[in-house]
Amino acid sequence: MPKLAYLGPAGTFTEEALRILAPHAERLPCANISAALDAARRGEADGAVVPLENSLEGAIPTTLDEFAWGEPLLITAELLLPVEFSLLVRPGTEIGRIKRVFTHPAAITQCRNFIARELPDAVVVAAPSTAAAAQEVALPGSPYDAAIAACIAGEHYGLVELAARIGDRSDTVTRFVRVSRPGPPPEPTGSDRTSLVAFLTDDHPGALLEMLTEFSVRGVNLTRIESRPTGDGIGRYFFHFDFEGHVADARVGEAISGLHRVCADVRFLGSYPRADGVSPQVKPGTANGDFAEATDWLSRVRTGQV
Ligand SMILES: O=C(O)C(=O)C[C@]1(C(=O)O)C=C[C@@H](O)C=C1
């Protein structure tokens, strides 16, 4: 039975994602995303499950930066989880008495309208996770009056649900990934996604276009591109790419080796089955057979057979 680290404590959305991705895994709750990834790196766990992006808020910066700068890890699976938030209080607390709210920063952003409308005078404080907030609010002497978390976290820590589905949108989804220590990627399924990080050689006109061209000319469809600061000063960025296909696909292999030629560094983050089951768009001339036929043709040219 694998042991998987996750952003704890029990009752986080990440735990729910882990339960779906690996129902029989032993779960190791960690205080934050970095601690969960470190547990996997050090071998205290066989892998980890962490949030990567949210359909309303965008990418989770800690996860992106850990993948770029931390000891390498391999993404082996993804999951799209609908997220619904509840306002949770100790039994007997009325909404008018809520002065201090505790929750994860992602939940603050996703419940902005509810907070402005129903809790305009409350101070909202950032917690390490939604379930950590619920756990804290449940303590008798807690300085916080309410938590925003999953309904299940309220049940877990003995809180009462004062309001349900308080997110600004009812269709918000968070994308989670399962990672393990580096090794061969999972076999292609025909509906795969590949992720990598690319670092520019230097800042020059067309640098981003050069990278994008490597994907475009091989017919590789991007599903996400994100720039992150390198930390070396304003205007210095590196790039996260997600795209359709598997590293075993000829067009993907050619695109990422092209990227390796034009970039200072490329870190492969994994090829793994897509959660939405969507098949890649394959433009004419970019299927595996087309690349194989072109390679054969070139060797015939080089050996004087055409
Ligand atoms: O705090 C949690 O429950 C988490 O699992 C983290 C997290 C996130 O980082 O985005 C996950 C899903 C929701 O979008 C809100 C918080």
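Just so it is clear, the structure is predicted and the values come from calculations on it, not from any experiment. Both counts, for ligands and for their atoms, begin at 1 and track the order of listing.
Taking hydrophobic clusters as Ile, Leu, Val, Met, Phe, Trp and Tyr residues chained together by side-chain heavy-atom distances below 4.5 Å, L52 does not share a cluster with F239.
For atom 6 (C) of ligand 1, the nearest non-hydrogen atom of the protein is L7 CD2, 3.6 Å. For atom 3 (O) of ligand 1, the nearest protein heavy atom (residue, atom name, distance) is T130 OG1, 2.5 Å.
The two atoms that bring R175 and Y272 nearest to each other are NH2-OH, 2.8 Å, heavy atoms only. G11 and I152 make their closest contact through O-CG2, 4.2 Å (heavy atoms, listed as atom of the first residue, atom of the second, distance).
Every heavy atom of E16 sits 4.0 Å or more from the atoms of ligand 1.
A donor-acceptor contact shorter than 3.5 Å is absent between the side chain of E26 and the backbone of M1. No side-chain donor-acceptor contact under 3.5 Å links D249 to the backbone of R251.
Just one residue in the list F85, F176, Y6 forms a ring-ring contact (aromatic ring centres under 6.0 Å, His included) with F13, and that residue is F85.
In this structure, R42 does not pair ionically with E71, as no charged nitrogen and carboxylate oxygen lie closer than 4.0 Å. A salt bridge links D65 to R228: one of the charged nitrogens lies within less than 4.0 Å of a carboxylate oxygen.
Each of the atoms 9 (O), 10 (O) of ligand 1 lies under 4.0 Å from some heavy atom of I60. For ligand 1, the atoms sitting less than 4.0 Å from at least one non-hydrogen atom of S129 are 1 (O), numbered in the order shown with element in parentheses. Below 4.0 Å from some heavy atom of H104 lie the following atoms of ligand 1, by number and element: 1 (O), 8 (C), 9 (O), 16 (C). Counting atoms of ligand 1 from 1 in the listed order, those under 4.0 Å from a heavy atom of N54 are 14 (O). Under a 4.0 Å criterion applied to the non-hydrogen atoms of Q110, ligand 1 contributes the atoms 14 (O).
Of the polar atoms of T12, none of the N or O atoms is found under 3.5 Å from an N or O of ligand 1, judged by distance alone. Polar contact with ligand 1: present for T174 (N/O pair, distance under 3.5 Å). Taking only nitrogen or oxygen atoms, main chain and side chain alike, A107 does not reach within less than 3.5 Å of ligand 1.
Among T14, V49, T109, V173, the residue whose heavy atom sits closest to atom 5 (O) of ligand 1 is T14. Checking A153, A106, P105, A59 against atom 10 (O) of ligand 1, the nearest heavy atom belongs to A106.
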Q | Steps toward side chain to side chain donor-acceptor pair (under 3.5 Å) verdict (E161, S86) | A | CA-CA 6 Å; E161 188 180 53; S86 298; 2.5 Å; yes

